[in-house]
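The next block holds one structure in the form of C-alpha cells; read it before the comments.
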Amino acid sequence: MKIYAHRGASHDFPEMTALAYENAVKQGADGFECDLRLTKDGVAILWHDADLKRRADNDAVVAETKLKKLKAIYPQILTLDEFLDFGITEKKSLLLETKHPVPSRTNIEEVIVERLAKEKSRIKKSEIDITVMSFSWFAVEKIKSLNKEISTTFLLHDYTPWFTARYSSAQSIGPGINLLRKNPALAKRIKSTGRKLNVWTVNEASDIKLCQQLGVDNLITNRPGYAREVLNNI
Ligand code: G3P
Ligand code: CA
C-alpha cells in the first residue's frame, strides 16, 4: 500500500505549502496529494477552498483574482508547475484533484493535460505515477476525452450513487474512510470492477490497519510519517 501525503504533511505543516511537501518527503511519503483551481489569469494553483478566508483571512476568490494578487495575500501559494517540478525532482508520485463546480468549468482539466504533455519526458524519466482525481464525474471524463493515457480516480462522497462509479472511465475509485468504515464490503465491490482503491483521508491507526486489511492500493493521509510507523508495526 502506497502512502500519499494529503495536502503534504498537513497534520504538522500548513497545507499545500513547500514546507508541507518537503516534510512529507522527510516523513517517508511515496507521493503527494493536492487540490487544484484556476486563477483569473488561468494559472493552475494548489488551493482547496473557493476563496482565501480559511487560510489567509481574506475574501479574495481564487477564480476572480490574478496570481500576482493571490501571491501578495498568501506568498506560500504553489503553482501546478512548481508542484510538478518538485514531484519529478523528488521522484514522488502525484494525485492532482480538480475542484468543481467552478466558473471556468473544465478549463482546469485542459490546463493539466497541457502541462503534463509539456513535462512528459521528465515524468517518464522520473518513473512517477500521476493521477488526476475529482468528485466530478464529468471532470474525470473530460480528462479521458483529452488524453486517455492519463490515469484518473473518481472520488466518492458518502452519497454518490454507485452507478456513477460503475460507469466512470476512471482506473481507480476513491471513497472516504468514513464510507469505507461503514461499508467495508465496498472495497471488494470496487476491486471486482478491476479498479484500484484510493482512500482518503486516513489519519488514525485503526483506519490505517483497516485499509491494509481491505487491500487498499493508495492511502491518502495528513500524517505520512505516522502511517508509515503504523504499517511497519503490523
Ligand atoms: O484525496 C481526496 C480528498 O482530498 C478529498 O477531500 O476535501 O480534502 O479535498 P478534500
Ligand atoms: Ca483533496
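For ligands, and for the atoms within them, numbers begin at 1 and follow the listed sequence. No experiment lies behind these values; they were computed from the predicted model shown.
Proximity to Met133 (heavy-atom distance under 4.0 Å) selects the following atoms of ligand 1: 1 (O). Atoms of ligand 1 found under 4.0 Å from any heavy atom of Asp35 (numbered from 1 in listed order, with element): 9 (O). Close approach to Ile220 involves these atoms of ligand 1, each under 4.0 Å from a residue heavy atom: 1 (O). Interface atoms of ligand 1 facing Glu97, defined by a heavy-atom separation under 4.0 Å, are 2 (C), 3 (C), 4 (O), 5 (C), 9 (O).
If you check the side chains of Asp41 and Thr39, you find a donor sitting under 3.5 Å from an acceptor. When only modelled atom types and interatomic distance are considered, Arg223 and Thr221 share no side-chain donor-acceptor pair under 3.5 Å.
Residue Arg7 has at least one N or O atom closer than 3.5 Å to an N or O atom of ligand 1. Between His6 and ligand 1, at least one N/O pair is under 3.5 Å apart.
Side-chain N or O atoms of Glu97 include none that pairs as donor or acceptor with a backbone N or O of Asp35 at under 3.5 Å.
A ring-centre distance under 6.0 Å is found for Phe86 and Phe32.
Counting only residues at least two apart or in different chains, side-chain hydrogen bond (donor to acceptor under 3.5 Å, both in side chains) contacts with residues 225-234 comprise Asp30-Arg228. Listed by first and then second residue, the salt bridge (Lys or Arg N to Asp or Glu O under 4.0 Å) pairs that reach into residues 17-28 come to none, sequence neighbours excluded.
Counting heavy atoms closer than 4.0 Å to ligand 1, residue Leu95 contributes nothing at all.
Among protein heavy atoms, atom 9 (O) of ligand 1 sits closest to Lys99 NZ, 2.7 Å. Shortest contact from atom 1 (O) of ligand 1 to any protein heavy atom: Glu33 OE2, 3.3 Å. Scanning the protein for heavy atoms near atom 10 (P) of ligand 1, the closest one is His48 NE2, 3.4 Å.
For the Ca ion (ligand 2), the count of nearby protein N, O or S atoms, meaning those under 3.0 Å away, is 3.
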>> Apply salt bridge (charged side-chain N to carboxylate O under 4.0 Å, His left out) to residues Asp85 and Arg122 and explain how you reach the verdict.
In response: CA-CA 9 Å; Asp85 186 58; Arg122 284 182 75 212; 2.8 Å; yes

>> Lys182 vs Asp158, test: salt bridge (charged side-chain N to carboxylate O under 4.0 Å, His left out). Steps then yes/no.
In response: CA-CA 10 Å; Lys182 271 188 279 180; Asp158 288 7; 3.5 Å; yes

> Checking salt bridge (charged side-chain N to carboxylate O under 4.0 Å, His left out) for the pair Lys191/Asp217: CA distance, chi angles, key distance, verdict?
Replying inline: CA-CA 10 Å; Lys191 293 265 181 178; Asp217 298 281; 2.9 Å; yes

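At a 4.0 Å cut-off, at least one heavy atom of Phe135 sits close enough to ligand 1 to count as contact.
Note that the CZ atom of Phe135 and the NE2 atom of His100 stand 12.0 Å from one another [nearest 0.5 Å].
Through side-chain heavy atoms spaced under 4.5 Å, either directly or across other Ile, Leu, Val, Met, Phe, Trp or Tyr residues, Tyr167 is tied to Phe163.
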